[in-house]
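Contents: one structure, followed by commentary.
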Amino acid sequence: MSDLVEIIQKVGYALGIGYWLIELDTRTVYWPKGLGRPADTPGEIGYHASSLDRILAMVDEPDQGRFRGYLAEILAAEGGDRTIEITVVATWGARVPVRLAGHKVGSGKGARIIGLLEVITHQKETERLAKSLGHIVEALFISSDSGIVIFDSELHVRRLNR
């Protein structure tokens, strides 16, 4: 079973995805080490336990207030995931943009916040922007009398209008 956990962990790191968990009674945060680190930068991977205050200090200063509000919103919510995008200052000095999804599990002394953490790469951000602008492109295709051709990065035709 430990081999399976190790394989899952390696796949998660390769995809820039991990989990995070806060034990509310002890204010202990389990956070992925080295997620988002470039392949040529040496360092540990895995999970470590830190205090909530230490994790808050890792959040980029302009995002700290929003992150605190996000945690408060999760605690007040009656279910469902909440998401936020923030920048974390990594231990190796890089600023790593991440998307967190989390929700509260349990109540009382055993309550926790648990969720997924995804490193937002330039490519993922570009894909998200392209999807959000898709309706504009669709309107152009439908309404234009001119020929429109969309190529991918390898110059393959991806879409053309009539």
Side-chain angles (χ1 to χ4, degrees), residues 1-139 152:
M1 182 67 164
S2 64
D3 291 340
L4 181 59
V5 170
E6 189 174 312
I7 290 169
I8 291 170
Q9 182 179 344
K10 286 180 182 179
V11 169
Y13 269 85
L15 296 173
I17 299 172
Y19 75 87
W20 61 286
L21 179 136
I22 301 174
E23 291 181 351
L24 296 171
D25 61 332
T26 62
R27 295 175 55 95
T28 302
V29 180
Y30 296 90
W31 192 265
K33 282 195 261 186
L35 195 63
R37 181 186 297 127
D40 60 348
T41 305
E44 293 181 66
I45 64 170
Y47 288 83
H48 67 282
S50 293
S51 70
L52 180 56
D53 291 334
R54 182 160 187 265
I55 295 299
L56 284 169
M58 288 175 53
V59 174
D60 198 21
E61 193 171 326
D63 293 336
Q64 286 181 3
R66 285 187 327 105
F67 184 63
R68 288 176 192 271
Y70 167 73
L71 295 177
E73 185 180 302
I74 290 174
L75 293 174
E78 288 298 320
D81 283 343
R82 301 286 190 264
T83 60
I84 189 172
E85 293 179 6
I86 59 173
T87 300
V88 177
V89 180
T91 56
W92 63 93
R95 298 164 54 89
V96 181
V98 296
R99 181 178 300 121
L100 301 172
H103 63 273
K104 183 180 172 186
V105 176
S107 61
K109 196 164 177 78
R112 295 182 169 114
I113 295 175
I114 188 166
L116 291 175
L117 182 149
E118 174 188 17
V119 175
I120 304 171
T121 63
H122 178 69
Q123 179 180 358
K124 288 180 187 174
E125 195 59 34
T126 302
E127 288 172 3
R128 192 174 67 128
L129 180 61
K131 285 179 184 176
S132 71
L133 296 175
H135 65 281
I136 294 171
V137 172
E138 191 62 33
D152 65 12

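Across all non-hydrogen atoms, the minimal contact from Val59 to Gln64 is O-NE2, 2.9 Å. Contact record, Arg95 with Thr87: CB-CG2, 3.7 Å, taken as the closest heavy-atom pair. Nearest approach of Asp81 to His103, heavy atoms of both residues: OD1-ND1, 2.5 Å. Considering every non-hydrogen atom in both Leu100 and Trp31, the closest pair reads CD2-CH2, 4.1 Å. Looking at every heavy atom in both residues, Ile86 comes nearest to Arg66 through CG2-NH2, 3.8 Å.
Distance check: Leu117 CG to Leu21 CG gives 12.5 Å after rounding to the nearest 0.5 Å. Distance CZ/Arg82 to CD1/Ile113: 11.5 Å, rounded to 0.5 Å. Within the model, atoms OG1 of Thr28 and CD of Glu23 stand 5.5 Å from one another, a figure rounded to the nearest 0.5 Å. To the nearest 0.5 Å, atoms CH2 (Trp20) and CD1 (Ile114) are separated by 9.5 Å. Remark: Ile74 CD1 to Lys104 NZ distance equals 11.0 Å, nearest 0.5 Å. For the atom pair Leu24 CG and Leu71 CG, the distance stands at 9.0 Å (nearest 0.5 Å).
For the pair Tyr30 (side chain) and Tyr47 (backbone), a donor-acceptor distance under 3.5 Å is absent.
For the pair Asp53 and Arg27, the minimum side-chain heavy-atom distance is below 4.5 Å.
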